[in-house]
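So the structure is just underneath, and the comments pick up after that.
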Number of protein chains: 2
Amino acid sequence: MSAVSTPESRRDQLLAIAARLFAEKGFKNTTVRDIADAAGILSGSLYHHFDSKESMVDEILSTFQEALFAQYDEILASDEDARTKLERAVRVSFEAIDQHPFEVAIYQNEADYLGKFDRFRYLADRNTQSRQVWVTLIEEGVRTGVLRNDLDVTLTYRFIRDTVWVAVRWYRPGRGHTHTEVADQYVRILLDGIST
Amino acid sequence: MSAVSTPESRRDQLLAIAARLFAEKGFKNTTVRDIADAAGILSGSLYHHFDSKESMVDEILSTFQEALFAQYDEILASDEDARTKLERAVRVSFEAIDQHPFEVAIYQNEADYLGKFDRFRYLADRNTQSRQVWVTLIEEGVRTGVLRNDLDVTLTYRFIRDTVWVAVRWYRPGRGHTHTEVADQYVRILLDGIST
DNA sequence: GTCTATATAGTGATAGAC
DNA sequence: GTCTATCACTATATAGAC
């Protein structure tokens, strides 16, 4: 069992199945029986692996976010110019949509609602952290003169954040454009606009 | 069915309450008891006004979409230049977010899932119609030289559509910016980009 | 137009056998 | 690791009284 080829544990298989269903139908619309059916077992058997349905979505979201924010931290800490860092942050996000579409979709669709409960408080915290990442990069860009100085920073932050993540609604890995091509176009529009 | 000047019917009051809850908590997360509680009645009493919870969201969405698409049709039919029409379409959308935030939020959050059921097939039809509106305007812009001719039309359509509607996630009427100010900034970024 | 009372079905979760 | 069997609870919806 080498590190690279270790077969996915049963637990991880079940989590992957649940993630797909949560993303496609929504957390509340997905029953534990749906998950068990898709896995070819009975619903009671799921509770050998997980405490609750809530635990499943919790593990899916927290695992994904940990990996994503490690990437943002790396970019923030780098000594590249602001425009490059902003571009990299956008590209990392599109890569996440490509490689973890279900996790991104679940976060986009459920975080607002789930974040209200104590157990999912970390979702709101991550949201704040994400805001800091983007705002830092935008302010640095304005300060160093690579971005327009008449930008409303908060509005621009929301524009970028939403613009990037909302692509999870239509982007499908391996269909049409690659995530790199999509990121190219998005960065181009974002930086230079669509007009002549 | 009520005339323009008559006070809001009980039915409309209940629909407004349901719309707020569906937008805030999601359709599935909102129970008929939640709606009845918020209205100060018991859940059974709701069924004097509506067939089902599904009928409620159906009426909310179809009524809203009818009004919205009438506005798009008017823009498409006008003889202004492509850039003006595109701007107007963006502004009409932000106005909808301002005046019907709950309806827009419900559509954004639930249309993908609901659209799979026969009863809500019109949601998918409206989606196609919306695509035609934006693509028509973009292609006219490229043809008349007011938009860059290296744009991927489909990608640009998705960019604009998503960019506009996703604002419903954070925009709150009467707080911070007006919908006109937000539209100004969005149009500016969309057309000219954020870089110097 | 609302309430009382209740039918009916679904849904998350548990205990113990295999 | 999964199944059998089932519990407790929640949810939509109905019928008839007021």
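First the proteins, then the strands, lettered A, B, ... as listed; each starts at 1. Everything numeric in this text was worked out from a predicted model, so none of it was measured.
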Over 12 foreign heavy atoms within 6.0 Å of CZ, A:R121: no
Expressed as a whole number of angstroms, how long is the span from [X]:[atom1] to [N]:[atom2]?
| X | N | atom1 | atom2 | result |
| --- | --- | --- | --- | --- |
| B:I35 | C:dG1 | CD1 | P | 17 Å |
| A:H49 | C:dA13 | NE2 | C1' | 15 Å |
| A:D34 | C:dT11 | CG | P | 8 Å |
| B:I17 | C:dG1 | CD1 | P | 14 Å |

Secondary structure of DNA chain C per the Watson-Crick/G-U criterion (both distances under 3.5 Å; [ ] crossing, | other strand, . unpaired) is |||||||.||||||||||
Just N and O in the side chain of A:R10: are any of them under 4.0 Å from OP1 or OP2 of D:dT2? yes
Output yes when at least one side-chain N/O atom of B:H48 is less than 4.0 Å from OP1 or OP2 of C:dT2, else no. no
Ion pair present between [X] and [Y], side-chain N to carboxylate O less than 4.0 angstrom?
| X | Y | value |
| --- | --- | --- |
| A:R148 | B:D192 | no |
| A:E74 | A:R88 | yes |
| A:R143 | A:E139 | no |
| A:D162 | B:R169 | no |

How far apart are the C-alpha atoms of B:F159 and A:Y186, what are their side-chain angles, what is the distance that settles it, and do they pass the ring-ring contact (aromatic ring centres under 6.0 Å, His included) test? CA-CA 8 Å; B:F159 188 93; A:Y186 267 46; 4.9 Å; yes
Produce a footprint string for nucleotides 3-18 of chain D: one letter per nucleotide, 5' end first; B if the base is under 4.0 Å from any protein heavy atom, S if only the sugar-phosphate is, - if neither. BB------BBBB----
If you round to the nearest 0.5 Å, how far is CZ of B:R83 from NZ of B:K85? 15.0 Å
A cation-pi test, strictly: NZ or CZ of A:R161 under 6.0 Å from the centre of the six-membered ring of A:W134 and no more than 45 degrees from its axis. Yes or no? no
